[in-house]
Amino acid sequence: MNAARETEVVVIGAGQAGLAAAYHLRRTGFRPGRDFVVLDHSPRPGGAWQFRWPSLTFGKVHGMHALPGMELTDADPARPSAEVVGEYFDRYERTFGLRVRRPVAVRAVRAGVGGRLLVETSDGDWSTRALINATGTWGRPFWPRSPGQETFRGRQLHTAQYTGPEEFAGQRVVVVGGGASGTQHLLELAPYAAATTWVTRRPPVFHEGPFDQEAGRAAVALVEERVREGLPPRSVVSVTGLPLDDAVRQGLADGVLERRPMFDRITPDGVEWRDGRKVAADVILWATGFRAVLRHLAPLRLREPGGGIRVEGTRAVADPRVHLVGYGPSASTVGANRAGRSAVRDIRRLLAEEPLAA
Ligand SMILES: Cc1cc2nc3c(=O)[nH]c(=O)nc-3n(C[C@H](O)[C@H](O)[C@H](O)COP(=O)(O)OP(=O)(O)OC[C@H]3O[C@@H](n4cnc5c(N)ncnc54)[C@H](O)[C@@H]3O)c2cc1C
């Protein structure tokens, strides 16, 4: 067996959070490919954006923040965000020479020798002094369970498998979920589908006008409080509410965004409420969000009894060598940028006791 290669910092994930962290590492003197390595299991640059459906054009994205040090200018709002962001991340990686290694899947991180961490990957092992985990959520779609789900004769899919509205032409679609993906699916499907029905657990909350900084900060603070207590984070959007833009306003006026409470069971032909109401369906589209991809960290036993990882800033309370960026309160493009910088500042402090390897 080959010995583990040594480095100072391993960054897992080359999405917004991982690239922001890599940028700050490089800017503060860590050499890419030597003092730090970035590992990503996706085939191309772009993080999770590369997998998003083609009809999610750049113009439909709500407030994508540029990465630190390089603006995203002249993007055509009509082009798929998968392409726009993929090209931008590619340019970014090359401009700053970040030397992302892909496709490399991290399988497990465990305690190594000499106070180091051992990162086991599909391309051999790394021994590192610190870890920045930036693995996002796309790899872990969340499907709630519903009674009767296995009896449904139609098709069930999650946002993660959605590729656009055309394939649902003439079908009756139930969309489950009160987040931004749910409303976007409904607005897209309405002209194609024979019928759409929107169900959500809680009544959706829309926010008027631009989301000001103060409201943003208050919302993020709520998520922050949860992760400080070791509870699983809620998405930032779940506390900010849904932006009330022109398309959403039109959908509300047309009845496309008329919401019903969550159904009580799934039948072979559709969904049913306790009071006897029924909706026939060919498709149930679960726009029910994602959870943090953290399974590879399991050997480090960071999880609290509450089910989450307790985090102060970006640092895991149970192991100060481990930072989570793009997690909980930093799970937005702007939050990921800030988290990347803050994790690097903290790691520099941690490693300052010993100089970087020559
Ligand atoms: C449909 C949708 C639309 C969104 N729109 C917006 C928006 O408009 N504005 C906004 O601010 N935010 C938006 N978000 C949230 C936004 O995507 C995130 O905040 C941000 O882009 C996530 O960046 P990230 O780096 O944390 O994760 P990702 O972009 O998910 O990057 C994680 C990377 O880690 C890699 N990875 C995962 N596991 C492993 C492993 N074991 N080994 C190696 N590599 C691994 C993946 O390949 C991936 O490249 C949206 C999210 C969704 C789902």
Side-chain angles (χ1 to χ4, degrees), residues 10-23 37-53 55-67 72 80-82 84-86 88-89 93 100-109 119-123 126 131-142 158-162 177 179-185 188 211 216 220 223 233 235-238 240 242-243 245 287-298 314 324-340 343:
V10 167
V11 180
I12 314 178
Q16 184 98 14
L19 291 184
Y23 169 87
V37 291
V38 186
L39 312 174
D40 193 294
H41 69 185
S42 294
R44 294 176 300 278
W49 291 100
Q50 68 193 279
F51 303 113
R52 292 190 181 139
W53 54 99
S55 51
L56 181 62
T57 55
F58 194 63
K60 287 187 192 169
V61 160
H62 300 291
M64 148 111 201
H65 282 253
L67 284 161
L72 168 51
S81 41
V84 172
V85 181
Y88 168 61
F89 279 19
E93 288 176 16
V100 176
R101 291 171 173 256
R102 62 167 63 85
V104 176
V106 172
R107 294 182 175 138
V109 182
V119 181
E120 297 173 357
T121 86
S122 56
D123 182 39
W126 289 90
L131 181 83
I132 298 183
N133 190 79
T135 44
T137 59
W138 188 256
R140 217 177 131 209
F142 172 66
H158 189 274
T159 294
Q161 288 124 20
Y162 177 81
S181 308
T183 55
Q184 286 183 1
H185 293 329
E188 283 192 6
F211 204 72
V220 165
V223 184
S235 74
V236 175
V237 169
S238 75
T240 58
L242 295 159
D245 59 20
T288 40
F290 297 81
R291 298 288 183 264
V293 173
L294 297 170
R295 200 169 303 131
H296 53 287
L297 301 183
T314 58
L324 303 185
V325 298
Y327 176 76
S330 65
S332 70
T333 51
V334 61
N337 283 357
R338 287 200 199 113

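Atoms within each ligand, like the ligands themselves, are counted from 1 in listed order.
Atoms CH2 and OG, from Trp49 and Ser42 in turn, are 14.0 Å apart once rounded to the nearest 0.5 Å. Rounding to the nearest 0.5 Å gives a distance of 7.0 Å between CG of Leu131 and NE2 of His296.
Under the ring pair (Phe, Tyr, Trp, His ring centres under 6.0 Å) criterion, Tyr162 pairs with Trp53, His185, not counting sequence neighbours. Under the rule for a salt bridge (charged side-chain N to carboxylate O under 4.0 Å, His left out), Arg291 has no partner lying at least two apart in sequence or in another chain.
Contact analysis puts Trp49 in contact with ligand 1, with a non-hydrogen atom separation below 4.0 angstrom. The closest approach between Ala134 and ligand 1 falls below 4.0 Å for a heavy atom of the residue. Val104 counts as a contact of ligand 1, since one of its heavy atoms falls under 4.0 Å from the ligand. The shell of residues lying under 4.0 angstrom from ligand 1, judged by heavy atoms, includes Ala105. Assignment of Trp53 to the shell around ligand 1 is supported, since a heavy atom sits closer than 4.0 Å.
For atom 42 (N) of ligand 1, the closest heavy atom belonging to the protein is Val106 N, 2.9 Å. Counting only heavy atoms of the protein, atom 28 (P) of ligand 1 lies nearest to Ala48 N, 3.6 Å. Ranking the protein heavy atoms by distance from atom 19 (O) of ligand 1 puts Ser332 CA, 3.0 Å first. Nearest to atom 27 (O) of ligand 1 among the protein's heavy atoms is Gly136 CA, 3.5 Å. For atom 15 (C) of ligand 1, the nearest protein heavy atom (residue, atom name, distance) is Ala331 O, 4.5 Å. Annotation: atom 22 (C) of ligand 1 to nearest protein heavy atom, Gln16 CB, 4.7 Å. Nearest to atom 7 (C) of ligand 1 among the protein's heavy atoms is His62 O, 3.4 Å. The protein heavy atom nearest to atom 31 (O) of ligand 1 is Gly15 CA, 3.4 Å.
Considering only heavy atoms from C-beta on, His41 stays 4.5 Å or farther from Arg101 through its side chain.
Interface of Gly13 with ligand 1, defined as ligand atoms under 4.0 Å from a residue heavy atom, comprises 33 (C), 34 (O), 35 (C).
Residue Arg52 touches ligand 1 through its side chain alone, judged by heavy-atom distances below 4.0 Å.
Between the choices Asp40, Leu19, Val100, Thr333, the shortest heavy-atom distance to atom 49 (O) of ligand 1 belongs to Asp40. Taking each of Ala17, Gly326, Gly340 in turn, the one with a heavy atom nearest to atom 24 (P) of ligand 1 proves to be Ala17. Among Thr135, Asn337, Val325, the residue whose heavy atom sits closest to atom 38 (N) of ligand 1 is Thr135.
Looking at Thr135, its side chain never comes within 3.5 Å of a backbone N or O of Gly13 through a donor-acceptor pair. Remark: side-chain polar atoms of Asp40 are paired, donor with acceptor, to backbone N or O of Ala14 under 3.5 angstrom. Under the 3.5 Å distance criterion, the side-chain polar atoms of Gln16 are matched with a main-chain donor or acceptor of His65.
For atom 45 (C) of ligand 1, the nearest protein heavy atom lies under 4.0 Å away.
Not less than 6.0 angstrom separates the ring centroid of Phe142 from the ring centroid of His158.
A donor-acceptor contact closer than 3.5 angstrom is absent between the side chains of Thr121 and Asp123. Inspection of the Glu188 and Ser55 side chains reveals an N or O donor paired with an N or O acceptor under 3.5 Å.
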